[in-house]
Amino acid sequence: MTRIDADWLADPAARAVCAALTEAGHRIYFVGGCVRNTLLGRPVSDLDLATDARPEQTEAAAAAAGLKSVPTGKDHGTITLVAGGQGFEVTTFRHDIETDGRHAVVRFSDKLEDDAARRDFTMNALYATPDGQILDPVGGLEDLRAGRLRFIGDADQRIAEDYLRILRFFRFHAWYADPAGGMDAEALAACAAGAEGLDRLAAERVGQEILKLLAAPDPGPAVAAMEQAGLLSRVLPGATARALPVLIHLEGDLPADPLRRLAVLGGEDVSTRLRLSRTQARRLDLLQQGLADPCPVAEAAYRHGPDAARDIALLLAASLEQPLPATLEADLARGGAARFPIKAADLMPRLQGKALGTALTALEARWIASGFTLDKSALLQLPEAG
């Protein structure tokens with residue numbers, strides 16, 4: 001029998017939530033990502049719990065134990081219990097009785113097996129008792145250990161229940177599957193067959209999944225499979241995965257950056273199609289402009305800062321399938337430290353208005369072309385200074 005030992009199992013707040021339900025005569029289990037990641041030795045960010053208690057019974061058990069409850073998703077069985085200042089989502093066992101590809105009508109159940117059968121992938125249907133004993137109703141443990149990503153039951157049916165699962169399949173493959181084992185053929189065929197369903201998804205949901213996928217250590221094989229199945233062009237028309245593996249290789253030990261990787265894919269109206277935030281959209285636009293209209297690394301570092309200039313250099317090298325410039329770090333440092341020595345006041349009052357702006361631009365161009373070597377005195381003696 002498999003057991004896990006994790007700090008979060010001993011957390012007083014988590015134990016208080018479990019005790020509230022068990023002392024009221026109900027079963028409660030940790031489920032999903034916290035169990036999966038613990039088995040893999042990876043960090044755990046959220047604790048989700050499943051119970052045979054109905055939502056009203058969960059609320060009653062919390063009240064009896066002196067815990068606050070919040071009906072965050074009561075219609076779908078989810079009550080958030082607050083213990084030790086932390087929120088824990090506790091969801092009643094359930095199974096779908098009606099779906100439209102985005103939303104589901106659920107019926108509550110007393111059976112853990114029903115709850116497991118409605119989840120997406122076998123590795124996400126692993127449960128743990130409050131003392132760490134693993135329950136594996138759909139064979140997810142063997143798949144997890146083998147680095148094998150499979151839908152639970154019929155892949156076409158799982159996808160028809162929520163078309164976001166197409167994108168989740170590629171995201172989870174990038175994060176948890178063994179690339180050497182390839183992709184599950186049935187799952188890949190079902191994703192391709194359900195492609196039209198992606199058009200029904202909200203742009204925010206698509207954007208979140210794409211960015212999570214691109215944040216994986218090496219999303220290259222998964223994105224290439226998306227392209228081959230005709231799914232990449234479905235969500236990002238005009239995008240191609242060709243340069244992504246090259247970029248990932250060039251990144252070396254740099255932290256994974258989903259926006260930089262998104263930029264190398266290209267595509268049309270990317271920010272709108274993925275409903276990026278304003279900050280994300282501005283950065284993506286800067287990277288795309290730097291890729292479309294490149295300038296020397298030092299100049300890019302002066303204009304946009306060393307970090308953006310490094311990103312642009314990476315994108316250019318990946319797109320051209322060339323190594324990074326040998327002088328990259330020196331150029332980044334030189335351009336990042338450069339400060340244009342001329343101020344508007346230095347050209348006034350002899351120049352005003354448009355003429356002043358034109359002169360400043362021309363002098364800055366001369367200064368950049370000199371490798372940032374011309375000083376203030378030399379610049380003011382140039383014809384461009386008026």
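Listed by chain and number, the residues in a salt bridge (Lys or Arg N to Asp or Glu O under 4.0 Å) with D346 are K376 (sequence neighbours excluded). Evaluation of the side-chain contact (heavy atoms from CB on, under 4.5 Å) rule for L141 yields T2, L39, L126, D136, R145 as partners, not counting sequence neighbours. The ring pair (Phe, Tyr, Trp, His ring centres under 6.0 Å) check on W367 picks up Y302, F340, F372, with sequence neighbours excluded. In this structure, Y29 has no side chain to side chain donor-acceptor pair (under 3.5 Å) partners at least two apart in sequence or on a different chain. Shown here are the side-chain contact (heavy atoms from CB on, under 4.5 Å) partners of D11, two or more places apart in sequence or in another chain: A13, A14, Q86, F88.
Salt bridge present: R283 and D257 bring a charged side-chain N and a carboxylate O closer than 4.0 Å. Using a cutoff of 4.0 Å between basic side-chain nitrogens and carboxylate oxygens, D115 and R119 are scored as salt-bridged. A salt bridge is defined here as a Lys NZ or Arg NE, NH1 or NH2 lying under 4.0 Å from an Asp or Glu carboxylate O, and R150 with D184 fails to meet this definition.
Contact check for M226 versus L213: side-chain heavy atoms found under the 4.5 Å cut-off. In this structure, the side chains of L262 and L274 come closer than 4.5 Å at one or more pairs of heavy atoms. Looking at L287 and I312, their side chains come closer than 4.5 Å, going by heavy atoms from C-beta outward. Proximity of K74 to E56: side-chain heavy atoms (C-beta onward) are separated by under 4.5 Å at one or more points. Inter-residue side-chain proximity for T91 and V31 is flagged as unmet; no heavy-atom pair is nearer than 4.5 Å. Taking the side chain as every heavy atom from C-beta outward, P55 and D75 never approach each other to under 4.5 Å. R234 places a side-chain heavy atom less than 4.5 Å from the side chain of D199. Side chains of V17 and L47 form no contact here, defined as non-hydrogen atoms less than 4.5 Å apart.
Side-chain heavy atoms closer than 4.5 Å link hydrophobic residues (I, L, V, M, F, W, Y) into clusters, and following such links, even through other members, never connects V70 to L67. In this structure, M183 is a member of the same hydrophobic cluster as L244, with clusters built from ILVMFWY side-chain heavy atoms closer than 4.5 Å. Both L284 and V206 are members of a single hydrophobic cluster when ILVMFWY side chains are connected at heavy-atom separations under 4.5 Å.
No donor-acceptor pair closer than 3.5 Å links the side chain of R303 to the backbone N or O of G335. Under the 3.5 Å distance criterion, the side-chain polar atoms of R273 are matched with a main-chain donor or acceptor of E268. The closest donor-acceptor contact from the side chain of H304 to the backbone of E299 lies at 3.5 Å or more, if one exists at all. A donor-acceptor distance shorter than 3.5 angstrom exists from the side chain of E227 to the backbone of A241, with no hydrogens or angles considered. Between the side chain of E142 and the main chain of G139, no donor-acceptor pair closer than 3.5 Å is present. A donor-acceptor contact shorter than 3.5 Å links the side chain of R165 to the backbone of R158. Between the side chain of T51 and the backbone N or O of T92, no donor-acceptor pair lies under 3.5 Å. Side chain of R27 to backbone of D110: a donor-acceptor contact under 3.5 angstrom is found. Using modelled atom types, one side-chain atom of R350 and one backbone atom of A385 make a donor-acceptor pair closer than 3.5 Å.
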- Query: Passes salt bridge (charged side-chain N to carboxylate O under 4.0 Å, His left out), D285 versus R282? Steps please.
  - Reply: CA-CA 5 Å; D285 182 63; R282 282 195 295 268; over 6 Å; no
- For D162 and D120, run side-chain contact (heavy atoms from CB on, under 4.5 Å): C-alpha distance rounded to whole Å, both residues' side-chain angles, the deciding distance at 0.1 Å, then the answer. CA-CA 9 Å; D162 184 354; D120 49 11; over 6 Å; no
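Among residue pairs with one or both ends in residues 114-137, those qualifying as ring pair (Phe, Tyr, Trp, His ring centres under 6.0 Å) are F121-F151, F121-F172; sequence neighbours excluded.
No side-chain donor-acceptor contact under 3.5 Å links S377 and D375.
Contact between A317 and P323 at its shortest, heavy atoms only, is CB-O, 4.0 Å.
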